[in-house]
Amino acid sequence: MERSSLQNQAAAMKKSFFDQGYLDEQFYQLEELQDDASPNFVEEVVALFLRDSSRLIGIIEQAMDKHPQDYRKLETYMHQLKGSSSSIGALKVKNECTHFRECCAEDNLEGCLRSFQKLKREHAILKQKLEAYFQLLKQMGSAGKATKSGK
């Protein structure tokens with residue numbers, strides 16, 4: 001595939017993340033921080049987010065298995081996850097963190113369980129989409145360099 005076709009594909013892919021509500025404006029702000037001195041900045045930040053959020057989801061899962069539920073602890077973990085989701089613009093994940101925290105405030109175990117399952121699905125979908133996006137950028141020969149078009 002020629003480079004311009006790959007660029008168009010990457011721009012369309014990124015636009016779809018926004019159109020589908022997976023990412024918000026914070027992702028564009030993250031891209032603005034990328035420069036020639038750190039050409040893989042966005043990819044590295046996203047990789048850190050994915051690693052740390054996956055670890056945190058595992059911790060939350062273990063905490064959810066304990067009875068009785070420590071809703072304050074769960075809320076604290078989810079607050080951490082919400083903050084890191086916000087920092088990269090992971091909108092659907094961030095929104096589900098908010099819903100989970102609301103369920104914790106109500107000591108609503110059933111709501112927490114449903115919300116947590118949805119959060120894990122949204123996180124897995126986002127991970128898959130972002131990994132495919134950065135793989136496409138690598139195919140373009142500029143690994144991790146975010147395309148500013150398609151904003």
Side-chain angles (χ1 to χ4, degrees), residues 1-61 64 71-106 108 111-151:
M1 230 185 246
E2 66 181 51
R3 184 172 170 82
S4 65
S5 175
L6 288 173
Q7 286 174 323
N8 290 340
Q9 189 178 349
M13 183 184 285
K14 184 171 74 172
K15 183 180 182 313
S16 76
F17 300 161
F18 289 89
D19 293 345
Q20 296 168 11
Y22 284 100
L23 295 176
D24 66 20
E25 281 294 315
Q26 184 61 34
F27 190 80
Y28 288 136
Q29 292 176 13
L30 198 58
E31 288 181 320
E32 294 298 321
L33 298 173
Q34 183 164 291
D35 59 20
D36 293 339
S38 55
N40 299 323
F41 178 77
V42 176
E43 182 178 14
E44 290 166 4
V45 170
V46 167
L48 284 171
F49 163 74
L50 292 173
R51 186 193 69 210
D52 291 346
S53 59
S54 294
R55 179 190 56 79
L56 198 50
I57 287 170
I59 290 169
I60 294 167
E61 197 151 37
M64 295 282 291
Y71 290 103
R72 302 308 71 82
K73 185 178 274 190
L74 287 170
E75 196 275 337
T76 299
Y77 291 143
M78 199 55 69
H79 181 72
Q80 278 182 276
L81 184 56
K82 181 182 175 186
S84 39
S85 299
S86 294
S87 72
I88 70 148
L91 183 61
K92 284 190 177 188
V93 173
K94 178 186 82 171
N95 289 344
E96 203 53 49
C97 289
T98 298
H99 183 256
F100 184 98
R101 291 179 69 205
E102 290 167 358
C103 292
C104 285
E106 300 167 357
N108 178 352
C112 286
L113 291 170
R114 276 194 310 271
S115 180
F116 189 58
Q117 291 307 312
K118 185 173 180 188
L119 181 140
K120 290 193 302 184
R121 278 193 309 273
E122 297 298 354
H123 183 269
I125 291 168
L126 179 66
K127 180 179 186 210
Q128 181 182 38
K129 287 178 177 290
L130 289 173
E131 286 174 347
Y133 174 68
F134 288 112
Q135 187 60 40
L136 183 58
L137 292 179
K138 285 180 183 177
Q139 286 178 0
M140 289 175 13
S142 55
K145 191 169 187 178
T147 59
K148 303 235 187 224
S149 61
K151 218 176 188 183

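Numbering of residues begins at 1 and proceeds along the displayed sequence.
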A.B. asks: So, N40 side chain and E43 main chain: donor-acceptor pair closer than 3.5 Å or not?
C.D. replies: no

A.B. asks: Find the distance between NE2 (H123) and CG (L56) and round it off to the nearest 0.5 Å.
C.D. replies: 9.0 Å

A.B. asks: Are E61 and K120 close enough for a salt bridge, meaning some N to O gap below 4.0 Å?
C.D. replies: yes

A.B. asks: Main chain of F49, side chain of S53: is a donor-acceptor contact present, judged purely on distance under 3.5 Å?
C.D. replies: yes

A.B. asks: Are any non-hydrogen side-chain atoms of F18 and L91 less than 4.5 angstrom apart?
C.D. replies: no

A.B. asks: Let me confirm one number: the CE-CG distance from M13 to L136, rounded to the nearest 0.5 Å.
C.D. replies: 5.0 Å

A.B. asks: Is there a side-chain contact between I57 and F116 in this structure, where contact means two heavy atoms from C-beta onward sitting under 4.5 Å apart?
C.D. replies: yes

A.B. asks: Does atom CD of E106 have more than 12 heavy-atom neighbours, drawn from other residues, nucleotides or ligands, at distances under 6.0 Å?
C.D. replies: yes

A.B. asks: What pairs of residues pass the salt bridge (charged side-chain N to carboxylate O under 4.0 Å, His left out) test when at least one of them lies in residues 75-88, not counting sequence neighbours?
C.D. replies: E75-R101

A.B. asks: With a 3.5 Å cut-off and no angle check, do the side chains of Q20 and K92 form a donor-acceptor pair?
C.D. replies: no

A.B. asks: Identify the heavy atoms of S115 and E96 that sit nearest to each other, and give their distance.
C.D. replies: OG-OE2, 2.7 Å

A.B. asks: Once you round to the nearest 0.5 Å, how far does CZ of R55 lie from CD1 of I60?
C.D. replies: 10.0 Å

A.B. asks: Are the side chain of R72 and the backbone of C104 linked by a donor-acceptor contact shorter than 3.5 Å?
C.D. replies: yes

A.B. asks: Keeping S87 on the side-chain end and S84 on the backbone end, is there a donor-acceptor pair under 3.5 Å?
C.D. replies: yes

A.B. asks: Within a strict 4.5 Å, meaning less than it, do heavy atoms of the L119 and L81 side chains meet?
C.D. replies: yes

A.B. asks: Under the 3.5 angstrom rule, does the side chain of E122 hit a backbone N or O of V93 as a donor-acceptor pair?
C.D. replies: no

A.B. asks: Kindly say whether Q34 contributes a backbone atom to a donor-acceptor pair with the side chain of S38 at under 3.5 angstrom?
C.D. replies: no

A.B. asks: Drop me the distance from L50's CG to E131's CD, to the nearest 0.5 angstrom.
C.D. replies: 6.0 Å

A.B. asks: Any chance you could measure F41, atom CZ, to L33, atom CG, to the nearest 0.5 Å?
C.D. replies: 5.0 Å

A.B. asks: Tell me whether K118 at atom NZ has more than 12 heavy atoms from other residues, nucleotides or ligands lying less than 6.0 Å away.
C.D. replies: no

A.B. asks: Using 0.5 Å steps for rounding, measure from the OG atom of S16 to the OH atom of Y22.
C.D. replies: 9.5 Å

A.B. asks: Angle class for the Y133/F17 ring planes (parallel below 30°, perpendicular above 60°, tilted otherwise)?
C.D. replies: perpendicular

A.B. asks: Testing the 3.5 Å rule here: is there a donor-acceptor pair between the side chains of S86 and Q26?
C.D. replies: no

A.B. asks: Apply side chain to side chain contact (heavy atoms under 4.5 Å, CB included) to residues K94 and D24 and explain how you reach the verdict.
C.D. replies: CA-CA 10 Å; K94 178 186 82 171; D24 66 20; 3.8 Å; yes

A.B. asks: Check whether any side-chain heavy atom of Y71 sits under 4.5 Å from a side-chain heavy atom of N108, and report yes or no.
C.D. replies: no

A.B. asks: Under 4.5 Å between any side-chain heavy atoms of L126 and L23, yes or no?
C.D. replies: yes

